[in-house]
Amino acid sequence: MRLFHVIRAQQFDRELLGRIFSEAREMEELARKGGSNILAGKVMATVFYEPSTRTRLSFESAMMRLGGRVISTENAREFSSAAKGETLEDTIRIVDGYADVIVLRHYESGAAERAARVSNVPIINAGDGPGQHPTQALLDLYTIEKELGHIDGISVAMVGDLANGRTVRSLCYLLAKYKDVKIYFVAPDVVRMKEDIKEYLTRHRVPFYEEEDLKEVASKVDVIYQTRIQKERFGDRIEDYERARGVYIVDRELLDVMQPHAIVMHPLPRVDEISPEVDEDPRAAYFRQAQNGLYIRMALLKMVLT
Ligand code: CP
């Protein structure tokens with residue numbers, strides 16, 4: 001069956017994940033050879049109500065490398081007719097007449113689902129507030145498989161702002177599809193992982209542990225998935241933000257206790273939660289991870305448009 005909307009990580013099964021990763025491997029090859037024209041004549045709209053570097057630019061680069069064209073509103077809150085009071089639904093009804101696929105980033109959880117309900121063309125969720133970021137989770141899983149050679153049997157530490165981090169939420173849903181995966185949540189008290197994800201993991205028999213000692217956890221996991229404390233989601237709760245920031249930092253000392261094969265990932269952007277000295281270590285996988293976003297998004301665009 002053709003892939004259409006990409007809204008939630010739960011919509012993927014292992015067979016489909018395998019197909020996406022296989023396409024992404026082909027896209028790596030294609031990108032190295034200078035791209036192709038398989039999406040010539042197709043138009044992608046990127047409609048972003050929140051800031052982005054990686055997601056928007058990698059989608060746009062992906063479309064161009066496959067011969068398609070791009071229309072974009074990168075600050076839709078101010079520069080689209082949302083500023084005049086237009087609803088998201090009306091905007092989508094209009095843009096779907098101009099584009100063959102819409103990549104949407106929005107500040108409200110559930111926005112991509114609302115858009116999909118009124119759109120005649122595929123909607124790709126590029127992050128909906130604190131909800132989900134399914135294409136990030138796909139590139140995260142692709143990175144894990146590429147770096148470690150397998151996903152079954154891995155132990156992952158998710159660190160930092162787990163309450164507001166949409167990438168960790170989507171990644172939990174995807175990891176639950178693999179065998180013998182263990183998850184360690186290491187978060188300051190004010191930003192612990194939410195109950196809905198913990199209930200989902202329990203229902204799907206994925207063991208998870210809430211821990212405080214990052215050093216102890218780092219010594220036994222295959223992946224440290226660090227995340228930024230998302231200041232923009234705290235509103236006027238400045239004290240909570242101050243209590244959460246700087247508590248868990250990946251630095252040289254932490255690298256020293258990690259296993260030689262283990263990797264450090266981060267969806268980026270980072271602020272100060274990974275020290276720059278870590279960048280030089282071969283286990284720092286976060287820049288390779290961001291590069292993989294291009295190949296996963298090329299694969300997704302090919303799959304929804306052909
Ligand atoms: N990881 C991620 O979504 O980055 P951007 O916010 O820069 O798109």
Side-chain angles (χ1 to χ4, degrees), residues 6-9 20 24 44-65 70 72-80 101-112 115 123-144 146-147 156 158-175 191 223-234 250 263-274 278-279 284-301:
V6 175
I7 306 294
R8 321 183 304 150
I20 295 168
M44 175 183 77
T46 47
V47 180
F48 275 52
Y49 293 79
E50 278 191 335
S52 167
T53 297
R54 278 146 291 275
T55 312
R56 189 172 66 82
L57 294 181
S58 63
F59 262 115
E60 294 184 357
S61 175
M63 189 64 177
M64 289 176 186
R65 283 166 195 271
V70 176
S72 185
T73 172
E74 63 174 283
N75 183 357
R77 235 165 155 164
E78 277 186 54
F79 297 132
S80 78
V101 57
I102 299 171
V103 179
L104 174 71
R105 171 167 287 186
H106 201 275
Y107 49 89
E108 280 176 9
S109 183
I123 297 289
I124 299 183
N125 181 2
D128 57 340
Q132 284 217 34
H133 195 346
T135 70
Q136 176 72 43
L138 290 171
L139 77 89
D140 292 342
L141 213 55
Y142 181 68
T143 300
I144 293 172
K146 217 167 130 181
E147 297 276 334
V156 180
M158 296 188 180
V159 186
D161 191 344
L162 306 184
N164 297 305
R166 55 196 174 199
T167 70
V168 283
R169 294 173 59 76
S170 291
L171 188 55
C172 282
Y173 286 124
L174 286 193
L175 284 171
V191 284
V223 178
I224 292 184
Y225 191 99
Q226 173 68 300
T227 63
R228 175 177 65 93
I229 305 296
Q230 298 192 24
K231 190 176 184 183
E232 67 275 23
R233 310 245 182 252
F234 283 77
V250 178
I263 54 172
V264 179
M265 297 177 66
H266 192 309
L268 304 179
R270 71 170 152 183
V271 183
D272 53 8
E273 63 279 1
I274 298 181
V278 175
D279 299 356
Y286 32 92
F287 295 125
R288 299 190 292 275
Q289 177 187 355
Q291 179 64 39
N292 289 333
L294 174 68
Y295 311 128
I296 282 290
R297 286 164 180 144
M298 287 172 79
L300 288 172
L301 289 173

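The analysis underlying the following values was restricted to heavy atoms, covering all of them including side chains, and did not include hydrogens, waters or symmetry mates. Just so you know, ligand 1 is whichever comes first in the structure, and atom 1 is the first atom listed for that ligand.
- Judged purely by distance below 3.5 Å, without hydrogens or angles, the side chains of S61 and R65 pair a donor atom with an acceptor atom.
- Close N/O approach between L268 and ligand 1 is found [any backbone or side-chain N/O within under 3.5 Å].
- Nearest protein heavy-atom contact of atom 7 (O) of ligand 1 is T53 N, 2.8 Å.
- The aromatic rings of H106 and Y49 are tilted relative to each other, their planes meeting at an angle between 30° and 60°.
- Regarding atom 4 (O) of ligand 1, its nearest protein heavy-atom neighbour is R54 NE, 3.0 Å.
- Between E60 and V103, every side-chain heavy-atom pair lies at or beyond the 4.5 Å cut-off.
- Residue H133 is tested with R105, R169, R166 for a side-chain hydrogen bond (donor to acceptor under 3.5 Å, both in side chains); the sole match is R105.
- Side-chain contact between I144 and Y225 is absent, with no heavy-atom pair separated by less than 4.5 Å.
- Residue, atom and distance of the protein heavy atom nearest to atom 1 (N) of ligand 1 are P267 O, 2.8 Å.
- For R105, the closest heavy-atom approach to ligand 1 falls below 4.0 Å.
- Polar contact with ligand 1: present for T55 (N/O pair, distance under 3.5 Å).
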